[in-house]
Each structure stands twice: as C-alpha cells, then as structure tokens.
Amino acid sequence: MRLVSKGVTKQSEDFSKWYTDVVRQAKLADYGPVKGTMVIRPYGYAIWENFQGILNQMFKDTGHVNAYFPMFIPEHFLKKEAEHVEGFAPEVAVVTHAGGKELEEPLIVRPTSETIIWHMYKKWISSYRDLPLLINQWANVVRWEMRTRLFLRTTEFLWQEGHTAHATAEEAEEETLRMLEVYKRFAEDYMAMPVITGQKTESEKFAGAVNTYSIEAMMRDTKALQAGTSHYLGQNFAKAFEVTFQNKDNKEELVYATSWGVSTRLVGGLIMCHGDDKGLILPPRVAPHQVVIIPIFRNDTKDLVMGKVAELVGELKAVSVRVHVDDDEKASPGFKFNEWEMCGVPMRVEIGPKDIEKGQAVVVIRHSGVKHFVALTELATFLAGQVVTVQDELFQRALDFREANTHTVENWEEFKETLETKGGFIKAFWNGSAEVEAKIKEETKATIRCIPFDRPGVIGKCVYTGDEGSQQVLFARAY
RNA sequence: CGGGGUGUAGCGCAGCCCGGUAGCGCGCUUCGUUCGGGACGAAGAGGUCGGAGGUUCAAAUCCUCUCACCCCGACCA
C-alpha cells in the first residue's frame, strides 16, 4: 500500500497536527488499541535501530556492558525510596491478577528499573573490587500518563537505562556528566540536533536523584524538548536497598550511583527538529535510506535504465551509502518524488533514458531542494560527500534557528512580552526559589529547562523578584 | 479529572435537522494504456452505521444509557 493522503498540515497552521500527520503519513508509527499506546512501524523502528546501534557502541566505548532485568517488580520495592515512590506511584501500572487468581503481592510494571537493579546490585557488590559496576539495559517501560503523543509521550516506550555503581561520589558524578556528554554528542553529531546541557532545578529533577542533568533541544515551533537525562543518585538507592561495599581500609561504605536514559522520544525530537511542510527531513547519519533512486523508464527503456541503476547501487554500497531503489512500476515518478520527500530521505537520484544518454543523473537534496546534475562516473563519490555535507547543513540550520529564537531578557514585562510574541528559549536571571519558579510557570507556562553549564559567570537581578545575586537560567515552554 | 470533538467500507467524510432500498472521494483487486513533480480508462470486491435499551409499521436518523478514541488544559522522559 502506498501513501494515502496528499501532503500534511502546514507547520505554521497547526504544528501539533503537522507532527501527527507526518508520523502517520511517513508510516513511522500508528496508534495501538489501548489508549496512549503506539505501534512503531518498520520505517520508524529503523530509525530507532540506527539510534540504538550508535548509542550502544558509544556506551561500550565508555566501558559499559548490557544486561536485562525483569519487567515485573514486587510492589514493595518501589516504596523503599521515599522520593522515588512519591514521584512514580501515580503513573505505575499494577498487575493484581495472574494465573487465574489474585496475587499475594501485586506486581508493578517497571516505570524505570532503579529498584530492581539495586535489589540485584546488593547481591553482586561486596568489595571495592566489584566497582565500578557499569550496566546498561535496552528495555520497555510503562508510565500511565494522562496525556500522550506519538513518540513524545506514550504509555509504553522503549529506552535504554544505564545504572552504575561507584566507590566514590566524585567518580559517580564524573560518570553522570560523562554520559550527559555522550548524549550531547549523539544528539549533535548524529541527529544533527543541537542541545544545551545543564542541570535541572530541584522541582524538575528525577524522583530519587541528588542531581539531574539534561540535554535540551529546540523544536521548529520553538518549544523545548528534554531529549535525555543523566542523574547523580548519590547514596539514595544504596541506602534504600542497603548496598554497601568494603573499601581498601576494610571499612563498610554505601555505594554511589548514577542512572541515565534516552528513549523513543528522541524520534519525536528528530522529526520536530528538522521537518518542514513537505514532511520529514532525516539527517543522513540516522536515516534508514540515505539515498533513494527513482528510475524513470518505459517498457522499451526499462532494461537500459535498470541495468544502470544496478551498477550504481553496487557503487554506492561500495562507499557505504545506504541506498534504496523504488522500482514500483505502478506508481509514477512524480508520486514517488512526493512520497520520499514526505519520508525525509536526504537525497534523491532520478535517472532516466535522457540522463543515461548524457552520462548523468539528477540529484535532489531533500532539505534544500537544490538540484545537481552529476556525471554517472562521479555519482557515488558525490553522494558519499553529500552525506557529510547534508549532515552538517542540517546541524547548522538547526543551530541557527535555535540562536535566532533564543532571547535574553532583563525584566518581567520583557519576559512575558518575549514569550508571548516570540516564544523560544529565554535566558534570564532567577533567584533560585522554587516558589518563584512555580509562579513563573503558572503565569506563563514556561519552565526552567535547565541551569546551563555554559552561562556567563556574572550574576544579576532575578527576572521575577529583582533580587540581586541571581544566576542565569534557561526558560521555555516545553513538551 | 475539567473543557471541546469524533465514532457510518482500509482511510477521509456526506447522509441525521425533516425516520422509508447506505452513499461519495481516496485506497484495494483484475485488465489495458501510461511513466522526467501526486497518470487514465474499464470492470470489481468491500459496511452487524461504536455498543445496549427504548419509541415506531419502519431507526444511521428520534429518546435514554453506555463505551472508545482524538484535541486543548492540570501531571510527566
């Protein structure tokens, strides 16, 4: 079955609608029968698989190993860490019946795995020689959210969660920041999505963490998306699950912990970071198909064209370009142009009898619409080069967009005015008070996305209270 | 949980006000002609009108109840 509809809602008309249209028409995902659930379709899953492959390698390069922990967790585990249970209890799914009868103790379906992991770590850690313990798992988790959106917030989602145990606070803090940096590199170098790293405020941090850090990206509607988090858990879970080790001096100590994760939400971020009114735009490094070849022929020229296409496919594979040939004879070339633009394939090659006669092919770049007429002998080299060029251009474009939509404001009037008329990210000083943070959120819907690492050393007047000695933070309306 | 909306063919919808043979577009199947920016013709397949009850000679249509989903808010990656 080919595409059903012609085009999507314009971004400027209704960004939310645009997003849903793109997800469904590019066949990334569909709604599941249970509220808030999502079927990730093959094309969407291929993107996720690319994410997984890259991240997995990055985790291994930083010394982590993969494991798998059960999805069902005894209910009382969750209650062991006070903040953790308070944070997660409202959105936990509970299994009360199984095997045809009521269970002795209900089971929770993991909303995250800290509790079961630390239950196991207690068994595995006894000496400083067992540390650090650096485990990651790829898994599904369930959080019963009130409002859901495909990829961005679904009842069940896929993610990876790293859980590490360390002998010292310093080492655990280092790990927390190391993994945040891994996320930043992944977002920027692979997804071509610029992010801001920083620390979460007390009210925005993970339930059970000492500190939470995040990467924050700007979507094309100028709203913020938290794209990944890394938590320094201190000894909170070690205390709750009594995980201790004997140090070199034969003394018993509680271990220090981190956890960090990114989810299928990243796919939503990718869509909203680059897409346009024609649909999806995928950066080459994560695109399932980097190049789509659309052969143009009639019955009498079919063999000629397809013969040349087969040659080109071989050449492209030899230079590691992921190529797809759309040789469906039932669809017209024009139809295919539109469909593959909708699906965000970074580059399209058109090749027909006239091209072959001239020894060339037409290359069209998805995000810019620029047409190149390239000699067949140079096509593979050209496209391999464009993989890099397009990737860079998309990152630069996203960065320029973010910078153009980031505003620094001095006072409250300016804050509200800027948020209403321009939106985007707002840099402003904040006195560190949770009440002020809550008031600002209440009055403007903007939240503190993070306290950026990269900010001026200067301190200034709080944008809400005018208090001197306030620090600069990043505000935005967020997903 | 509040506000709004929608349930009729795979998808998008009309029909409902004013009860009387269930329709349209797209998609799908077969054949032929096409093919350089969303091709065309011909012939087909496909629906317990979300569910239950009621009114009526007769209900997609009127009444009552119910379920589900989507969108907007309060919670969250």
Side-chain angles (χ1 to χ4, degrees), chain A residues 1-7 9 14-17 19-21 24-25 30-37 86-92 111-112 141-161 183 200 203-207 212 214-217 224-231 259-269 278-279 294-302 305 326-342 348-358 360-362 364 369 371 373 441-442 445 447 477-479:
Chain A
M1 189 175 66
R2 313 242 10 162
L3 249 181
V4 174
S5 161
K6 290 190 176 187
T9 306
D14 184 344
F15 194 81
S16 282
K17 186 86 190 328
Y19 176 79
T20 310
D21 285 354
R24 302 199 65 190
Q25 290 186 28
D30 206 345
Y31 295 105
V34 174
K35 180 186 167 79
T37 62
E86 198 184 319
F88 281 105
E91 57 193 54
V92 162
T112 179
V141 286
V142 168
R143 297 181 187 175
W144 220 262
E145 301 288 355
M146 295 173 196
R147 235 191 110 212
T148 58
R149 298 193 66 196
L150 293 170
F151 287 113
L152 298 175
R153 187 173 296 105
T154 46
T155 298
E156 178 190 5
F157 59 94
L158 304 183
W159 75 345
Q160 59 67 218
E161 45 180 329
Y183 289 156
K200 286 292 188 181
S203 65
E204 294 273 336
K205 75 172 197 201
F206 175 74
T212 289
S214 72
I215 53 171
E216 301 284 332
L225 181 78
Q226 178 175 304
T229 49
S230 187
H231 315 291
S259 69
W260 28 273
V262 293
S263 71
T264 37
R265 165 179 265 202
L266 284 178
V267 177
K278 288 180 172 179
I294 298 176
I296 293 155
F297 56 73
R298 290 185 310 235
N299 287 335
D300 57 331
T301 49
K302 181 177 171 184
V305 173
D326 188 350
D327 58 0
D328 183 349
E329 293 185 39
K330 297 297 178 203
S332 68
F335 185 96
K336 292 174 185 178
F337 297 163
N338 286 287
E339 181 172 30
W340 289 109
E341 280 168 0
M342 167 71 68
R348 172 176 85 232
V349 174
E350 306 168 15
I351 181 161
K354 288 184 229 162
D355 293 308
I356 293 174
E357 208 171 285
K358 291 186 234 168
Q360 65 165 36
V362 182
V364 182
K371 272 192 186 186
F373 299 87
K441 183 177 178 181
E442 199 185 312
K445 311 264 184 255
T447 51
R477 288 183 180 147
Y479 278 96

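- In this structure, the ring of A:Phe88 has its center less than 6.0 angstrom from the ring center of A:Phe206.
- The salt bridge (charged side-chain N to carboxylate O under 4.0 Å, His left out) check on A:Asp327 picks up nothing, with sequence neighbours excluded.
- Not counting sequence neighbours, the partners of A:Thr9 by the side-chain contact (heavy atoms from CB on, under 4.5 Å) test are A:Glu13, A:Asp14, A:Lys17, A:Asp21.
- Here, B:G10 and B:U64 have their C1' atoms 33 Å apart, quoted to the whole Å.
- The nucleotide whose nearest atom lies closest to any side-chain atom of A:Arg298 is, among B:C35, B:A77, B:G36, B:C35.
- One can find a donor-acceptor pair under 3.5 Å joining the base of B:G37 and the side-chain atoms of A:Glu341.
- The CG-C1' distance, from A:Asp300 to B:U34, rounds to 12 Å in whole Å.
- At a cut-off of 3.5 angstrom, counting only N and O atoms as typed in the model, there is a donor on one side and an acceptor on the other between the side-chain of A:Arg348 and the base of B:G37.
- Pairing for B:G2 goes to B:C72, judged as Watson-Crick or G-U wobble with the two contacts each under 3.5 Å.
- Residue whose closest nucleotide on RNA chain B sits further toward the 5' end, between A:Leu225 and A:Asp355: A:Asp355.
- Looking at the side chain of A:Ile296, the nearest of the listed nucleotides B:G73, B:A77, B:G36 is B:G36.
- Applying the ring pair (Phe, Tyr, Trp, His ring centres under 6.0 Å) test to A:Phe15 and every residue at least two apart in sequence or in another chain returns A:Trp18.
- Listed candidates were B:A74, B:G36, B:A77. Nearest to the side chain of A:Glu350 is B:G36.
- Across all strands shown, B:C28 forms a Watson-Crick or G-U wobble pair with B:G44, both key distances being under 3.5 Å.
- Counting only heavy atoms from C-beta on, A:Lys445 has its side chain closest to B:G73 among B:G36, B:G37, B:G73.
- With both ends at atom C1', the span from B:A42 to B:G50 equals 37 Å, rounded to whole Å.
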(request) Evaluate the side-chain contact (heavy atoms from CB on, under 4.5 Å) criterion for residues A:Leu225 and A:Glu216: first the C-alpha distance (whole Å), next the side-chain angles of each, then the deciding distance (0.1 Å), finally the verdict. (result) CA-CA 6 Å; A:Leu225 181 78; A:Glu216 301 284 332; over 6 Å; no
Quick one: which protein N/O atoms are closer than 3.5 Å to N/O atoms of nucleotides 67-70 of chain B? Pair and distance per line, please.
residue	atom	partner	partner atom	Å
B:C69	OP1	A:Lys35	N	3.1

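- The nearest heavy atom of RNA chain B to A:Ile356 and to A:Gly87 marks one nucleotide each, and the one closer to the 5' end goes with A:Ile356.
- Residues satisfying the side-chain hydrogen bond (donor to acceptor under 3.5 Å, both in side chains) test with A:Tyr31, not counting sequence neighbours, are none.
- When the ring pair (Phe, Tyr, Trp, His ring centres under 6.0 Å) test is applied to A:Phe157, the partners found at least two apart in sequence or on another chain are A:Trp159.
- Evaluation of the salt bridge (charged side-chain N to carboxylate O under 4.0 Å, His left out) rule for A:Glu329 yields A:Lys302 as partners, not counting sequence neighbours.
- Nucleotides B:A9 and B:G25 place their C1' atoms 12 Å apart, quoted to the nearest Å.
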Name the pairs: protein N/O against N/O of nucleotides 39-45 of chain B, kept only if under 3.5 Å.
residue	atom	partner	partner atom	Å
B:A39	OP1	A:Ser332	OG	3.3
B:A39	OP2	A:Ser332	OG	2.4

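- Nearest to the side chain of A:Asn338, among B:G36, B:A77, B:G37, sits B:G37.
- Under the side-chain hydrogen bond (donor to acceptor under 3.5 Å, both in side chains) criterion, A:Glu145 pairs with no residue, sequence neighbours left out.
- B:A14 and B:U6: their P atoms are spaced 9 Å apart (whole Å).
- Remark: B:C16 base-pairs with no nucleotide in the shown strands. Criterion, Watson-Crick or G-U wobble with two distances under 3.5 Å.
- Separation of atoms CG (A:Asp326) and NZ (A:Lys336) is listed at 4.0 Å; rounding is to 0.5 Å.
- Nearest nucleotide to the A:Lys441 side chain, out of B:A74, B:A77, B:C75: B:C75.
- B:G15 and B:A60 have their C1' atoms separated by 8 Å, given to the nearest Å.
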